[in-house]
There are 2 protein chains.
Amino acid sequence: MPSEKCRVTLKDIANKTGYTVNTISRALNNKNDISEQTKKYVKEVADSMGYINDSMAGSLRSGKTKTIAVILSDISNPHLAHQVKLIELSAIEYGYNTIILNTDENSQYERRAIISAYEKRVDGILICPVQQSEDNIRFLQSMNIPFVLIGRYFKNLDADAVLSDDIKAGYIATKHLIDKGFRKILFMSAQEYISSARERLEGYTKAHNEANLPIHNELIHSTNVKTGNAKEIMDSIIQSNINFDSVIAFSDMLAFEIKCALMCVCGNEADNIPIIGFDGVQSHLPLPFKYTSVGMDKDGWAKESTKLLFERIQYPTMHKKKIVRNVSLLNFDPVKGNDIT
Amino acid sequence: MPSEKCRVTLKDIANKTGYTVNTISRALNNKNDISEQTKKYVKEVADSMGYINDSMAGSLRSGKTKTIAVILSDISNPHLAHQVKLIELSAIEYGYNTIILNTDENSQYERRAIISAYEKRVDGILICPVQQSEDNIRFLQSMNIPFVLIGRYFKNLDADAVLSDDIKAGYIATKHLIDKGFRKILFMSAQEYISSARERLEGYTKAHNEANLPIHNELIHSTNVKTGNAKEIMDSIIQSNINFDSVIAFSDMLAFEIKCALMCVCGNEADNIPIIGFDGVQSHLPLPFKYTSVGMDKDGWAKESTKLLFERIQYPTMHKKKIVRNVSLLNFDPVKGNDIT
DNA sequence: TTGAAAGCGGTACCAA
DNA sequence: TTGGTACCGCTTTCAA
């Protein structure tokens, strides 16, 4: 147990044992220039005194914090929360801690998050960039902290990235609906500066082109979609007499919101309007209704990006890598479970 | 922009301006024994050099990290993720950062999390304790770090806590079903060492007693419920020929899982078996189906507990407070929205 | 209003 | 194998 009054330090152990702080430090860190006997003794005394390392003091000197930062839009999004959890588990295996910083898709907050990570001297950063501009990422580059982009990337920026194949994602979602006979597919996208939004739309277009079907611009909504306001947007679309028979949504959570909105307007008829989302949350969010999504396997980009980050930390000069992960159509059924097409 | 090679330090600014590090430090921290002119000049130079504070070095000296830790079972649970987000937002208002540590309902991990928080010298801790034993919390007490229990408490332990009225929660869920004529209410609880689980069961019992209804022990399952294995448990219950006409589940996520399990077994008939969960996730998780839950308002214990923690940090000797928040029956309908009874 | 120096609690480096 | 000492970057204290 730690002393009642204050922190037990190396000095305290040194005083008690007669060794110097230096020896204590190296004994506790299992350095091999200390005799086993001394190590054992020192460790015992340290334990009995309830010594707990002060990571700040150590990091200040060594320059290493054994901590990585994960910067993303919103931890309260179930998809991201799950990914973060996986990242944390991975990081622990490498002996690292994780801190999470939210951007809320806001460049200013993102800038703050980057600064905050720098203040805390993290050894590396995983970041799903807001992308409103490239400034923040260039700023991050100038800091010389290893980082990996997750889920989104910049064309003109040579950086490590772990992405999903978003063109394919948009394509298979669209093709799936086209194959089923739907011709008026509403595409509810996010901000168009987001690379994954653009690429999914590209897939949407590709599928239409392949099927020799025209693209109706009124069906493509690249509005600033934030969770929580889908109802208003859907209402305005419906009020504008835009005709659609199916929907593709930028995320699963958005898809759920859209479904609610449709239920408000059409009641049970809403079931006739299929909605496909992205992210594949069904792997860890079993919900009592059927839904379809396009996504990676349940590990998403979490494991891969953590691995890449630690590679980068170890080999700072290694050539930059861009990893694109495969996606597939995921049909979730509460009875049958997941069915991957 | 920060220098390409390394961190800009106070020393660098001192060298450039001719002042000492001391003056620079106090100028940047807006202390009032520095002339406005000097402050302005120093800040300009610091900005132009891209100076970013090294929080570790500062904290090491000052003993304050302006960081709190949130220790809970699993950030990937949507309910907790939402609460954590609210805590973070609150903390930022107080000028604090937040780190999150997961316990996975495992005492050993909880111990590690507490140690990790101590290593990082956090100024305070919000913790939803695993409760398998009191050891970890007593350990935490011995550390002299201000902390607030959230959602769960210990009878024999004088500690700050922000809780929900779980007896009432169990009571109104049960009464609601009894009033509707259900008589065989399956109670799917969590580990019985968890205070909220016990209290909800107490409410369940109370509602039965009040209605002069017997309690059937076979309907009460205090198994080690972790998300993800509800199906097996439900299967075994059904195989045992235990008869039930309705369900109360320890959490909303568990309720969703149980619903899926029932759909597997009874198909559409599952709709005739009402399931009530706890947590009230509907306030921030709009899903396209109706469900009922018992919970607090959407702020949950987040704001209140953060506030209490900062009170405690400010007044270490203040008498301990136990805050019990009200709960109500929440009916979510994708069309009508939330209806609070 | 500013400067000089000590020190927070470790780790790194070199000498013994 | 161990000890002595500088030092990480900042804040605090006291003197000027």
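Only heavy atoms go into these numbers, but all of them, side chains included; no hydrogens, no water, no symmetry mates. In what follows, every chain begins at residue 1, and chains take the letters A, B, ... in the order their sequences are listed. In this text, all values refer to a predicted model and were calculated from it rather than measured experimentally.
- Going from atom CD1 of A:I24 over to atom C1' of C:dA12 covers 17 Å, rounded to whole Å.
- Mapping B:G18 and B:A57 onto DNA chain C via the closest heavy atom, the residue that lands nearer the 5' end is B:G18.
- Of the side-chain N and O atoms in B:R61, none sit less than 4.0 angstrom from OP1 or OP2 of C:dA6.
- Look at B:T20 and you'll find a side-chain N or O under 4.0 angstrom from OP1 or OP2 of C:dG3.
- Regarding contacts with the backbone of C:dG3, a side-chain N or O of B:T23 is found under 4.0 angstrom from either OP1 or OP2.
- In the set D:dT12, D:dC10, C:dT11, C:dT11 carries the atom at the smallest distance from any side-chain atom of A:N53.
- Remark: B:Q108 CD is loosely packed, at most 12 non-hydrogen atoms of other residues, nucleotides or ligands lying under 6.0 Å away.
- Rounding to whole angstrom units, CZ of residue A:R7 and P of C:dC8 are separated by 13 Å.
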#### Entry: Verdict with supporting geometry, A:N53 and A:S55, side-chain hydrogen bond (donor to acceptor under 3.5 Å, both in side chains)
CA-CA 6 Å; A:N53 178 270; A:S55 68; 5.2 Å; no
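- Here B:R121 reaches the OP1 or OP2 of C:dG9: one of its side-chain N or O atoms lies under 4.0 Å away.
- If you measure from atom OH of B:Y19 to atom P of C:dG3, you get 7 Å, rounded to the nearest angstrom.
- Contacts classified as side chain to side chain donor-acceptor pair (under 3.5 Å) and involving residues 86-99 of chain A (residues at least two apart or in different chains) are given here: A:N97-B:K120.
- No more than 12 heavy atoms of other residues, nucleotides or ligands sit less than 6.0 Å from atom NZ of A:K40.
- A:K120 has its NZ atom 15 Å from the C1' atom of D:dC10, to the nearest Å.
- Here C:dG10 presents its P atom at 11 Å from NZ of A:K11, a figure rounded to the nearest Å.
- A:D33 comes within 4.0 angstrom of a base, heavy atoms only.
- Between D:dT11 and B:N29, a contact under 4.0 Å exists linking OP1 or OP2 to a side-chain N or O.
- Rounded to a whole Å, the CD1 atom of A:I34 is 13 Å from the C1' atom of C:dA12.
- One finds a side-chain N or O of B:Y51 lying less than 4.0 angstrom from the OP1 or OP2 phosphate oxygen of D:dC10.
- The separation between A:R26 atom CZ and D:dT2 atom P is 8 Å, rounded to whole Å.
- Within the structure, every side-chain polar atom (N or O) of B:S25 is placed at least 4.0 Å from both OP1 and OP2 of D:dC10.
- Around the NZ atom of B:K39, the shell of radius 6.0 Å holds more than 12 heavy atoms that belong to other residues, nucleotides or ligands.
- A 6.0 Å sphere centred on NZ of A:K307 holds no more than 12 heavy atoms belonging to other residues, nucleotides or ligands.
- An OP1 or OP2 oxygen of D:dC8 is reached within less than 4.0 angstrom by no side-chain nitrogen or oxygen of A:S59.
- Residue B:S62 places none of its side-chain N or O atoms closer than 4.0 Å to OP1 or OP2 of C:dC8.
- The side chain of A:L60 has C:dG9 as its nearest neighbour among D:dC10, D:dT1, C:dG9.
- Between the P atom of D:dC8 and the CG atom of B:D12 lies a distance of 11 Å, rounded to the nearest Å.
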